[in-house]
Amino acid sequence: MAVTMCARLFLHRCAQGLRLSPLTPPAFTSPFLSRSHRLGPSDDEMYQRTTVSVMQKEPGAGALIHSYSPRGFNIDGNRVFGPCALLPPAILQWNVGSYKDITVESMALFHMLEPRIEVLVLGTGGRSERIDPKVLALLKSKGIAVEVQDTPNACATFNFLSSERRVVAAGLIPPPISTDLE
């Protein structure tokens with residue numbers, strides 16, 4: 001029946017020369033089929049906007065390293081000059097001048113912590129350097145995994161592990177002034 005009705009309507013319009021007159025009612029009346037209809041916020045989820053205001057950092061999220069330079073680090077808005085040790089509860093100056101100064105004694109503060117840290121990230125400056133095997137053996141015997149990287153990658157690794165809520169610490173030596181782009 002619908003086919004015959006559509007055929008009659010089509011033949012009727014063909015006889016009129018395909019003119020649409022105001023006397024013929026539209027076949028379908030829907031605001032969605034009209035060209036003048038514009039999508040609005042109630043029509044589609046894509047147009048609905050949501051805003052979020054973070055009032056406070058998540059508890060227990062840990063420290064994040066925002067930037068580094070040859071002079072030091074910006075850690076959660078705190079400027080730290082020179083080498084630093086990031087521990088779960090604190091940010092401390094670390095008394096090392098270069099990767100050669102990383103000894104069993106300078107690592108004492110990392111393995112004496114409670115709760116015990118899972119991963120220690122060491123940033124050795126502008127390049128990834130070898131650490132004394134005695135130091136690595138000591139940390140392994142204490143159950144601490146060690147990642148030795150250049151400082152830019154160590155900062156990224158620390159931020160990633162910290163955002164995963166891992167118990168992570170870092171010993172960072174600022175990278176030297178880069179002359180690559182000059």
_For N153, side chain to side chain contact (heavy atoms under 4.5 Å, CB included) partners two or more places apart_ = Q149, D150
_If you define the side chain from C-beta out and look only at heavy atoms, does anything of I65 sit under 4.5 Å from L172?_
yes
*Give the minimum heavy-atom separation between D76 and A63, together with the two atoms involved.*
OD2-CA, 3.1 Å
*Does any pair with a residue in residues 107-118 pass side-chain hydrogen bond (donor to acceptor under 3.5 Å, both in side chains), and if so which ones, sequence neighbours excluded?*
E118-R166
*Given the rule in the side-chain contact (heavy atoms from CB on, under 4.5 Å) test, do M107 and L139 qualify, once you have shown the distances and angles that lead to the verdict?*
CA-CA 8 Å; M107 289 289 143; L139 293 170; 3.9 Å; yes
*Check P152 against G125 and note the closest heavy-atom contact, atom names and distance.*
CD-O, 3.9 Å
_L92 reachable from V104 in the ILVMFWY side-chain graph, under 4.5 Å edges_ = yes
*Taking atom CD1 of I177 and atom CZ of R71, what is their separation to the nearest 0.5 Å?*
9.0 Å
*Of the non-hydrogen atoms in A154 and G123, which two are nearest, and what is the gap between them?*
CB-CA, 3.6 Å
*Look up atom OG in S141 and atom CG in L136, then write down how far apart they are to the nearest 0.5 Å.*
11.0 Å
_Keeping T151 on the side-chain end and P174 on the backbone end, is there a donor-acceptor pair under 3.5 Å?_
no
*Min side-chain heavy-atom separation I91-F73 under 4.5 Å*: no
*Could you check if a side-chain atom of D101 sits within less than 4.5 angstrom of a side-chain atom of S98, using non-hydrogen atoms only?*
yes
*Would L138 end up clustered with L113 when hydrophobic side chains under 4.5 Å apart are linked, directly or stepwise?*
yes
*Could you tell me the separation between the NE2 atom of H66 and the CG atom of N78, rounded to the nearest 0.5 Å?*
9.0 Å
*Please list, chain by chain and in numerical order, all residues satisfying ring-ring contact (aromatic ring centres under 6.0 Å, His included) with Y99, sequence neighbours excluded.*
none
*asked:* Which heavy atom of L120 sits nearest to which heavy atom of G171, and what is that distance?
replied: CD1-N, 4.1 Å
*Give a yes or no answer on whether the side chain of D132 reaches the backbone of V135 with a donor-acceptor pair at less than 3.5 Å.*
no
*What residues, two or more places apart in sequence or in another chain, satisfy side chain to side chain contact (heavy atoms under 4.5 Å, CB included) together with S106?*
W94, V96, I102, T103
*Co-membership, hydrophobic cluster, residues V168 and I75, 4.5 Å side-chain*: yes
*Tell me, with the steps shown, if V119 and I144 meet side-chain contact (heavy atoms from CB on, under 4.5 Å).*
CA-CA 6 Å; V119 181; I144 299 172; over 6 Å; no
*How about N159 and T157: do any of their side-chain heavy atoms sit closer than 4.5 Å?*
no
*Tell me whether F160 is reachable from Y68 by hopping between hydrophobic residues (I, L, V, M, F, W, Y) whose side-chain heavy atoms are closer than 4.5 Å.*
yes
*asked:* Just so I know, are the side chains of L87 and L109 near enough to count as touching, which here means a heavy-atom distance under 4.5 Å?
replied: yes
*Taking every non-hydrogen atom, the tightest pair across A85 and F110*: CB-CZ, 3.8 Å
*Only pairs at least two apart or in different chains count here, so list each ring-ring contact (aromatic ring centres under 6.0 Å, His included) that has a residue in residues 117-152.*
none
*asked:* Between V80 and Q93, is there a side-chain heavy-atom distance shorter than 4.5 Å?
replied: yes
*Please round to the nearest 0.5 Å and tell me the distance separating atom CD1 of I117 and atom CE of M112.*
13.0 Å
*Can you name the residues that form a side chain to side chain donor-acceptor pair (under 3.5 Å) with E129, not counting sequence neighbours?*
R127
*What's the spacing between L86 CG and L64 CG if we round to 0.5 Å?*
10.0 Å
*asked:* Counting C-beta onward and ignoring hydrogens, is there a side-chain heavy-atom pair between T124 and K100 closer than 4.5 Å?
replied: no
*SG of C84 to CG of N95: how many Å apart, nearest 0.5 Å?*
13.0 Å
